[in-house]
Amino acid sequence: MTEAPSAPARLAGLDLFRGLTVACMVIVNTPGSWAHVWWPLDHAEWHGFTPTDLVFPAFLCAMGVALGLSFPRAVDGKLWRRIARRTALLILIGWAWQFLARGPVDFRVFGVLPRLGLCYGLAATLAILTARKDEAGKSRLSAPALAIASAVLLIGYWALMTLVAAPGFAAGDLSPEGNLAGWIDRITVTTHHMYRYGTDAAGNIVYDPEGLLSTLPALVNVLLGMLAALWWKADPARATLRILLAGIALAAIGYAWSFGFPLNKKLWTSSFALWTSGLSAIVFAGCIVASRSEALRKALWPLDVLGMNAILGYLLSLLLSLAMIRTGFQAWAWHGLEALMPGNLLLASFLFALGLLLVVLGLLIPLHRRGIHLRL
């Protein structure tokens, strides 16, 4: 996912930011027991927001920054093949994981990795098609085009979700069973291949949080990350402040919009896309500042390791978690933690996830020291 670096200091902040998102992904995805999870480490049930809801959008923003930093560049057949290959690999790896976890009969079509692949492919294609050529013949990103595309996607998604009715429901129905995005997923891939916990009150599978239509506003998180990269390349000395202020403004706009179009990660509402892009920009600005301090950089070195091998780290956490469940190790370990900490099961569940994160980190460190980083 990481593009070729052109300024170590710039990528330092990006690696910290990306590593932080991966660390959070591992912790929120692998508790010792789903029955004992602190509320900040769990997603909002439907409308609303928790810190966990920021993790995936922040990773998309980081992907956008990395993509933006790769421009200006020559556009040729080799570049198009690279984009197609990365897009396909992310989707195929996601499907391979689903086959492994759920089997071929009811594997999930959508998911985190397929959404990453779709957003990467769409963002890269849009960037190239709207780019302008410089004197050297290289394509430069167009900030106005990215901003306009973001606005069109957000407003268009809002219009579809609020003005177009799913069959059998009223227009603007944003319930799990009545929203347009869920209906589109049900008719395109069927409920056998959707998120098994995307249910209504009766327990019927009705939506997928990484579904087809909701990928459009998720794309905005990537495009806004690309805009942050543009600002940095144009004026590194002032970019951090600009990113911070833009983040505050985006978060404020997203929050204000939420009174009419609620924050909802599972629907990836337009307000949610703006709110999370704004918060991501604020955190990213903090990571840039932290990367300039030698002491902080050393203290946060584990995040660098995770950030430079983000996809591999995420995949290792999934595979380790699945292996522990199927071998019975997770149940055994959780019973042990229950016995040791009977009065604080929330902490015990968190410590289990933290332990898995440390195992992932331990596996990545030798690779990092040898300069081995997964490049799709």
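Given the structure is predicted, the values throughout are model-derived calculations rather than measurements.
- In summary, the aromatic rings of Trp46 and Tyr207 are positioned with their centroids under 6.0 Å apart.
- Under the 4.5 Å side-chain heavy-atom criterion for ILVMFWY residues, a single connected hydrophobic cluster contains both Phe329 and Trp34.
- The structure places OG1 of Thr50 at 9.0 Å from CG of Leu54, a figure rounded to the nearest 0.5 Å.
- Between Phe259 and Tyr255, the ring-plane angle classifies as perpendicular under the 30° and 60° cut-offs.
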key: Residues Asp304, Arg297; criterion salt bridge (Lys or Arg N to Asp or Glu O under 4.0 Å); working and verdict   = CA-CA 8 Å; Asp304 264 343; Arg297 190 71 192 278; 2.6 Å; yes

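- Applying side-chain hydrogen bond (donor to acceptor under 3.5 Å, both in side chains) to Trp268 and the options Thr276, Thr215, Asn221 leaves one that passes, Asn221.
- Judged by distance alone, the side chain of Lys233 and the main-chain N or O of Pro72 form no donor-acceptor pair under 3.5 Å.
- Nearest heavy atoms, Ile83 versus Ala124: CD1-CB, 3.7 Å.
- Looking only at side-chain heavy atoms (C-beta outward), Leu113 and Trp95 stay at 4.5 Å or farther from each other.
- Note: the hydrophobic cluster containing Val152 does not contain Leu129 (ILVMFWY, side chain heavy atoms under 4.5 Å, direct or indirect links).
- Crowding of Trp332 atom CH2: a count of heavy atoms from other residues, nucleotides or ligands under 6.0 Å not exceeding 12.
- Side chains of Leu174 and Leu267 form a contact here, defined as non-hydrogen atoms less than 4.5 Å apart.
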inquiry  = Is there a side-chain contact (heavy atoms from CB on, under 4.5 Å) between Arg86 and Leu89? Walk through the geometry before answering.
reply    = CA-CA 5 Å; Arg86 287 182 175 178; Leu89 279 175; 5.8 Å; no

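- Here the side chains of Leu367 and His373 are not in contact, with every heavy-atom distance at 4.5 Å or above.
- Here the closest heavy-atom approach between residue Leu274 and residue Gly254 is recorded as CB-CA, 3.8 Å.
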request  = Might you work through the side-chain contact (heavy atoms from CB on, under 4.5 Å) test for Leu219 and Leu223, ending with a clear yes or no?
outcome  = CA-CA 6 Å; Leu219 175 59; Leu223 299 181; 4.3 Å; yes

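- Under the 3.5 Å distance criterion, with hydrogens and angles disregarded, a donor-acceptor pair is assigned to the side chains of Asp53 and His43.
- Linking Ile, Leu, Val, Met, Phe, Trp and Tyr whenever their side-chain heavy atoms come within less than 4.5 Å leaves Leu315 and Leu358 in two separate clusters.
- The main-chain N or O of Phe261 is never found under 3.5 Å from a side-chain atom of Ser258 such that the two would form a donor-acceptor pair.
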inquiry  = Let's go through Lys265 and Glu45 carefully: what are the C-alpha distance in whole Å and the side-chain angles of both, what is the deciding distance for salt bridge (Lys or Arg N to Asp or Glu O under 4.0 Å) to 0.1 Å, and is it a yes or a no?
reply    = CA-CA 9 Å; Lys265 191 261 182 191; Glu45 187 173 348; over 6 Å; no

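- Nearest heavy-atom pair, Trp97 versus Leu318, reported as atom, atom and distance to 0.1 Å: CH2-O, 3.4 Å.
- Using a 4.5 Å cut-off on side-chain heavy atoms (C-beta onward), Val65 and Met226 make no contact.
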request  = Would you please test Leu306 and Trp301 for side-chain contact (heavy atoms from CB on, under 4.5 Å) and show each step?
outcome  = CA-CA 9 Å; Leu306 289 167; Trp301 181 73; over 6 Å; no

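- The shortest side-chain heavy-atom distance between Tyr314 and Val112 falls under the 4.5 Å cut-off.
- Between the His36 side chain and the Leu345 main chain, no donor and acceptor come within less than 3.5 Å of each other.
- When the side chains of ILVMFWY residues are joined at heavy-atom separations under 4.5 Å, either directly or via intervening members, Leu319 and Met324 end up in a single hydrophobic cluster.
- The backbone N or O of Gly307 lies less than 3.5 Å from a partner atom in the side chain of Arg18, making a donor-acceptor pair.
- Atoms OG and NZ, on Ser293 and Lys298 in that order, are 10.0 Å from each other to the nearest 0.5 Å.
- The side-chain heavy atoms of Trp275 and Pro57, taken from C-beta on, include no pair separated by under 4.5 Å.
- In this structure, Ile372 and Asn309 approach most closely via the heavy-atom pair O-ND2, 3.1 Å.
- Taking the side chain as every heavy atom from C-beta outward, Tyr195 and Phe110 never approach each other to under 4.5 Å.
- Distance check: Leu356 CG to Thr30 OG1 gives 4.5 Å after rounding to the nearest 0.5 Å.
- With hydrogens and angles left out, the side-chain atoms of Ser70 and Arg73 include a donor and acceptor closer than 3.5 Å.
- Judged by distance alone, with hydrogens and angles left aside, the side-chain atoms of Asn29 form a donor-acceptor pair with the main-chain N or O of Met25 at under 3.5 Å.
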task = Go through the steps for Leu230 and Phe71 under the test side-chain contact (heavy atoms from CB on, under 4.5 Å), then give the verdict.
result = CA-CA 9 Å; Leu230 269 180; Phe71 285 82; over 6 Å; no

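- Ser139 places no side-chain N or O within 3.5 Å of a backbone atom of Val75 that could act as its donor or acceptor partner.
- Thr87 and Arg82 are not linked by any side-chain donor-acceptor pair at a separation below 3.5 angstrom, with hydrogens and angles left out of the test.
- A donor-acceptor distance shorter than 3.5 angstrom exists from the side chain of Ser150 to the backbone of Leu146, with no hydrogens or angles considered.
- Between Phe17 and Phe284, the ring-plane angle classifies as tilted under the 30° and 60° cut-offs.
- Scanning both residues, Phe169 and Asp173, for their nearest heavy atoms gives CD2-OD2, 3.6 Å.
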Asp208 vs Arg108, salt bridge (Lys or Arg N to Asp or Glu O under 4.0 Å): CA-CA, chis, key distance, verdict = CA-CA 9 Å; Asp208 194 300; Arg108 184 184 174 197; 2.7 Å; yes

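- When side chains are defined from C-beta on, Val220 does not count as touching Tyr157, because their heavy atoms never get closer than 4.5 Å.
- Checking side-chain atoms of Thr52 against main-chain N and O of Asp42 turns up a donor-acceptor pair under 3.5 Å.
- How far CG of Asp15 is from CG of Leu20: 12.5 Å, rounded to the nearest 0.5 Å.
- Asn179 contributes a side-chain N or O that, together with a main-chain N or O of Gly182, makes up a donor-acceptor pair within less than 3.5 Å.
- The residue from Ile253, Asn264, Leu263 that alone fulfils the side-chain contact (heavy atoms from CB on, under 4.5 Å) condition with Ser271 is Leu263.
- By the neighbour-count criterion of 12 heavy atoms within 6.0 Å, atom CZ of Arg85 is densely surrounded, having more than that number from other residues, nucleotides or ligands.
- Separation of atoms CD1 (Ile311) and CG (Leu116) is listed at 5.5 Å; rounding is to 0.5 Å.
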ask   = Run the ring-ring contact (aromatic ring centres under 6.0 Å, His included) check on Phe352 and Trp334 step by step: do they pass?
value = CA-CA 8 Å; Phe352 182 93; Trp334 175 244; 7.5 Å; no

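- Between the CD atom of Glu177 and the CD1 atom of Ile205 there is a distance of 14.0 Å, given to the nearest 0.5 Å.
- When the side chains of ILVMFWY residues are joined at heavy-atom separations under 4.5 Å, either directly or via intervening members, Leu153 and Val164 end up in a single hydrophobic cluster.
- Formation of a donor-acceptor pair under 3.5 Å by the Thr188 side chain with backbone atoms of Ile184 is found in this model.
- Contact record, Asp106 with Arg102: O-NH2, 2.7 Å, taken as the closest heavy-atom pair.
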